[in-house]
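In this text the structure is predicted, and so the values were computed from the model without any measurement.
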Amino acid sequence: NINYNDLKYANYFYIEGFLVTSQTALEAIYSSISFCKKNNVKVALTFSDISMVRFFKDRLKRILDNKIDLLFCNEEEALEFSVTNNIEEALGFLRKLSKRTVLTRGDKGSLIYNQNEIISINPVPTKALDSVGAGDMFAGAFLYGLNNGLSLIKSGNLASALSSKVVSKIGPRLDINDIIDIKK
């Protein structure tokens, strides 16, 4: 169920890659992308998981054929989707499908490919206990930054800080005190 009356006020329409497993969800995605293009709402997609790339690449490609505004993926997903073992080649390939790509690399930080510029975001050192929720936290924090007027670098740094905090705990949620400390 997509509420188009509310969607027209959004800055971004965010698509979880897991949704490509459902034909009903795909129809809603295509309809929503069309709506977004007509109403100046940016479209963001996350690959969500390497298995989505391996088993549903054709469906993800169809979404990306719309030249979306923002793609989130990790290094393994980018290499698999681009059919290469070279990260620069993968970014070059993904650049043709998305105006901006954010590629997470675990303890190596992340890369933001913006037009012809690659911005490197440093990792926040932490002892990783559980990676569940790290990608979602990264994407959510990055979009929060963009929606609140932060630069790409500041959005990336915020996302790096919050996702590193998530992996330092068991489970995908942060305590409110963690969020307040990071915002400071």
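The number of heavy atoms from other shown groups lying within 6.0 Å of NZ (K154) does not exceed 12. Counting heavy-atom neighbours within 6.0 Å of D175 CG, excluding the residue itself, gives a total above 12. Around atom CG of L7, more than 12 heavy atoms belonging to other residues, nucleotides or ligands sit under 6.0 Å away. For Y14, the OH atom sits in a packed shell: over 12 heavy atoms of surrounding residues, nucleotides or ligands are nearer than 6.0 Å.
Scanning both residues, G145 and S155, for their nearest heavy atoms gives C-OG, 3.2 Å. Across all non-hydrogen atoms, the minimal contact from I2 to A28 is CG1-CB, 4.2 Å. Residues A134 and V166 come closest through the heavy atom pair N-CG1, 4.0 Å. Counting all heavy atoms, side chain and backbone alike, G106 lies closest to P123 at O-CB, 4.2 Å.
At a cut-off of 3.5 Å, with distance as the only test, a side-chain donor of D49 or S51 sits close to an acceptor on the other residue. For the residue pair S98 and Y113, no side-chain donor N or O sits within less than 3.5 Å of a side-chain acceptor on the partner.
Note that the CD atom of E88 and the OG atom of S82 stand 12.0 Å from one another [nearest 0.5 Å]. Rounded to the nearest 0.5 angstrom, K96 NZ and K67 NZ are separated by 10.0 Å. The distance from the OG1 atom of T46 to the CE atom of M52 is 11.0 Å, given to the nearest 0.5 Å. Rounding to the nearest 0.5 Å gives a distance of 10.0 Å between CG of L150 and CG of N157. Considering CD1 of I121 and CD1 of I112, their distance stands at 4.0 Å, rounded to 0.5 Å. Taken to the nearest 0.5 Å, the OG1 atom of T101 stands 8.0 Å off from the CG atom of L103.
Under the 6.0 Å distance and 45° angle rule, K42 does not count as a cation-pi partner of F13.
Of the possible donor and acceptor atoms, one in the side chain of S163 sits under 3.5 Å from a partner among the backbone N and O of A159. Judged by distance alone, with hydrogens and angles left aside, the side-chain atoms of S164 form a donor-acceptor pair with the main-chain N or O of A161 at under 3.5 Å. For the pair S34 (side chain) and Y30 (backbone), a donor-acceptor distance under 3.5 Å is absent. A donor-acceptor pair is defined here as one N or O able to donate and one able to accept, closer than 3.5 Å; no such pair exists between the side chain of E89 and the backbone of N86. Between the side chain of S31 and the backbone N or O of E27 there is no donor-acceptor pair closer than 3.5 Å. For the pair N39 (side chain) and K8 (backbone), a donor-acceptor distance under 3.5 Å is absent. K37 places a side-chain N or O within 3.5 Å of a backbone atom of N66 that can act as its donor or acceptor partner. Looking only at distances, a side-chain donor or acceptor of N74 sits under 3.5 Å from a matching main-chain atom of E77.
L91 and I119 fall into different hydrophobic clusters, defined by Ile, Leu, Val, Met, Phe, Trp and Tyr side-chain heavy atoms under 4.5 Å apart, directly or through other members. In terms of hydrophobic clustering, with Ile, Leu, Val, Met, Phe, Trp and Tyr side chains grouped at heavy-atom distances under 4.5 Å, I29 and V53 are assigned to a common cluster. Linking ILVMFWY residues whenever their side-chain heavy atoms come closer than 4.5 Å, directly or via other members, leaves F93 and I118 in distinct clusters. Under a hydrophobic-cluster definition in which Ile, Leu, Val, Met, Phe, Trp and Tyr are linked whenever side-chain heavy atoms come within less than 4.5 Å, directly or via other members, V20 and I15 are assigned to the same cluster. Note on L152: it clusters hydrophobically with F72, by side-chain heavy-atom contacts below 4.5 Å among ILVMFWY residues.
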Evaluate Y12 against N147 for side chain to side chain contact (heavy atoms under 4.5 Å, CB included), listing each step before the verdict.
CA-CA 8 Å; Y12 282 89; N147 280 314; 3.9 Å; yes

Side chain to side chain contact (heavy atoms under 4.5 Å, CB included) between L111 and T104, intermediate numbers included
CA-CA 6 Å; L111 300 171; T104 59; over 6 Å; no

Show your working on side chain to side chain contact (heavy atoms under 4.5 Å, CB included) between L64 and F81 and close with a plain yes or no.
CA-CA 11 Å; L64 289 167; F81 192 85; 3.6 Å; yes

Would you please test L162 and F138 for side chain to side chain contact (heavy atoms under 4.5 Å, CB included) and show each step?
CA-CA 7 Å; L162 285 166; F138 191 98; over 6 Å; no

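Between D178 and K169, at least one side-chain nitrogen of the basic residue sits less than 4.0 Å from a carboxylate oxygen of the acidic one, meeting the salt-bridge criterion. Using a cutoff of 4.0 Å between basic side-chain nitrogens and carboxylate oxygens, D58 and R62 are not scored as salt-bridged. In summary, E80 and K57 do not engage in a salt bridge, as defined by a charged side-chain N under 4.0 Å from a carboxylate O. Residues R54 and E76 are paired through a salt bridge, judged by an N-O separation under 4.0 Å between the basic side chain and the carboxylate.
The shortest distance between side-chain heavy atoms of S48 and E16 falls below 4.5 Å.
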